[in-house]
Amino acid sequence: MIIAIDGPAGSGKSTIAKELAKKLGILYVDSGAMFRAITYSLIHNSIELSNAAVLEHLRTISVTLEIQNGSQETFLNGKNVSVEIRTKEVTSLVSLVSTLPSVREWILVQQRIVAENNDLIMDGRDIGTVVFPNATYKFFLTASLEERAKRRTLEMNQKGVDVEKVTIQQEIEKRDALDSSRSLAPLQKATDAIEIDTTLLTIEEVSSIIFTTVNKG
Ligand code: CDP
């Protein structure tokens, strides 16, 4: 079974996907973490953002996701980079990196390999459209920009990062625009995905809608 959850930043994908994976006893894969890990590596090694230079760099690195104490940790060449991939620097560059064909192709191969041996829930931008067009279930989560910025600000503040909602809102808006307008695997709802506007819903309510749909299956 493959469950695809797509949507823009702050729409609640990862929170819902994590919870659902636990309830169903299947693997959760945060595909955004892979794009972030590559972005971190490119910044860290001062790699020029051309498709050729990035392709060359991708031949030298490994990105793996592992569940440790119930949470997903991201490893770059065996080093845990779960904190580093969430910095402002990575967040502001990740959407540009995600437009590169070399990056998308590299990650696509890995995404399909995990699915060969596991039932899973994967969240991202193109999971239901490009990565797994034949996924068992597809959901597309949305929420107003204001609400998404509020959620992301709260999440950052809870992690001890002092950031203003207005700054987060601008960052999300910019990233959404790039993610939706790129020619390769843009952020868009698969025609057969169930769309859920989560603006006025709690995590439990969204979780329950998805869980009920999957259970009826
Ligand atoms: O958690 P958040 O919504 O901030 O984003 P993320 O899931 O960590 O993804 C970070 C970025 O990676 C997105 O803004 C996209 O540019 C890119 N991404 C993508 O292009 N395709 C995916 N399947 C997942 C992420």
Side-chain angles (χ1 to χ4, degrees), residues 2-18 28-43 49 54 63 65 71-74 76 81-112 114-115 120-133 135 138-143 145 147-156 158-159 161 163 165 167-190 193 198 203:
I2 294 177
I3 303 178
I5 304 189
D6 290 305
S11 55
K13 301 179 304 286
S14 66
T15 312
I16 301 294
K18 262 182 235 164
Y28 163 55
V29 181
D30 170 3
S31 71
M34 294 167 149
F35 287 90
R36 286 174 175 274
I38 290 177
T39 304
Y40 169 73
S41 187
L42 295 171
I43 295 173
L49 287 190
V54 171
V63 173
L65 306 176
S71 77
Q72 183 187 274
E73 304 288 323
T74 307
L76 172 67
V81 292
S82 307
V83 173
E84 290 86 340
I85 64 170
R86 305 281 160 198
T87 59
K88 218 168 74 188
E89 209 186 358
V90 170
T91 302
S92 65
L93 204 65
V94 65
S95 288
L96 187 62
V97 169
S98 304
T99 61
L100 297 171
S102 54
V103 171
R104 303 213 72 87
E105 187 54 39
W106 193 87
I107 291 182
L108 187 66
V109 170
Q110 316 237 0
Q111 286 167 312
R112 294 202 175 140
V114 221
L120 56 83
I121 298 185
M122 191 178 287
D123 74 347
R125 304 293 188 283
D126 60 340
I127 312 304
T129 49
V130 174
V131 184
F132 300 121
K138 297 180 187 180
F139 298 94
F140 192 81
L141 303 189
T142 61
L145 175 64
E147 175 63 22
R148 293 188 287 117
K150 200 171 100 191
R151 289 176 190 168
R152 188 48 57 92
T153 309
L154 188 71
E155 190 184 324
M156 305 281 281
Q158 278 168 350
K159 280 187 190 163
V161 184
V163 67
K165 188 177 139 244
T167 314
I168 295 287
Q169 188 156 326
Q170 282 165 357
E171 175 264 302
I172 285 182
E173 207 172 2
K174 225 163 101 188
R175 204 144 53 92
D176 282 352
L178 245 174
D179 289 346
S180 309
S181 65
R182 67 177 175 232
S183 54
L184 207 57
L187 163 67
Q188 68 183 47
K189 177 187 164 305
T198 71
I203 293 166

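Order of listing sets the numbers, starting from 1, for every ligand and every atom in it.
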Among protein heavy atoms, which lies nearest [atom], and at what distance?
| atom | value |
| --- | --- |
| atom 17 (C) of ligand 1 | S98 OG, 3.2 Å |
| atom 10 (C) of ligand 1 | R175 NH1, 3.5 Å |
| atom 21 (N) of ligand 1 | R104 NH2, 3.0 Å |
| atom 9 (O) of ligand 1 | G32 CA, 3.6 Å |
| atom 16 (O) of ligand 1 | D179 OD1, 2.6 Å |
| atom 24 (C) of ligand 1 | S31 OG, 3.3 Å |
| atom 18 (N) of ligand 1 | F35 CD1, 3.7 Å |
| atom 7 (O) of ligand 1 | R125 NH1, 3.3 Å |

Worksheet item: Which one of I121, I127, L120 satisfies the side-chain contact (heavy atoms from CB on, under 4.5 Å) criterion with V29?
Response: L120

Fill in: Qualifying residue for side-chain contact (heavy atoms from CB on, under 4.5 Å) with M34, from I107, T74, V103
I107

Worksheet item: Crowded around K165 NZ? As in, over 12 foreign heavy atoms under 6.0 Å?
Response: yes

Discussion item. Any carboxylate oxygen within less than 4.0 angstrom of a Lys/Arg side-chain nitrogen, looking at D176 and R152?
Written reply: no

Worksheet entry | Charged N-O contact under 4.0 Å between R151 and E147 | yes

Going by heavy atoms, is [X] under 4.0 Å from ligand 1?
| X | result |
| --- | --- |
| E171 | no |
| M122 | no |
| R152 | yes |

Counting from 1, what ligand 1 atoms have a heavy atom of [X] closer than 4.0 Å?
| X | value |
| --- | --- |
| R86 | 8 (O) |
| G124 | 22 (C), 23 (N), 24 (C) |
| R182 | 16 (O), 19 (C), 20 (O), 21 (N) |
| A9 | 3 (O) |

Tell me which part of [X] gets within contact of ligand 1: side chain, backbone, both or neither, using heavy atoms under 4.0 Å.
| X | answer |
| --- | --- |
| I127 | side chain |
| K174 | neither |
| K13 | side chain |

Taking distance alone, with no angle check, do [X] and ligand 1 share an N/O pair under 3.5 Å?
| X | answer |
| --- | --- |
| S95 | yes |
| R36 | yes |
| D126 | yes |

Worksheet entry | All pairs passing side-chain hydrogen bond (donor to acceptor under 3.5 Å, both in side chains) where residues 90-101 contributes a residue, at least two apart | R36-T91, S95-D179

Discussion item. Using the rule given for side-chain contact (heavy atoms from CB on, under 4.5 Å), can you reason through R125 versus K13, listing the C-alpha separation, both sets of side-chain angles and the distance that settles it, and then say yes or no?
Written reply: CA-CA 10 Å; R125 304 293 188 283; K13 301 179 304 286; 3.5 Å; yes

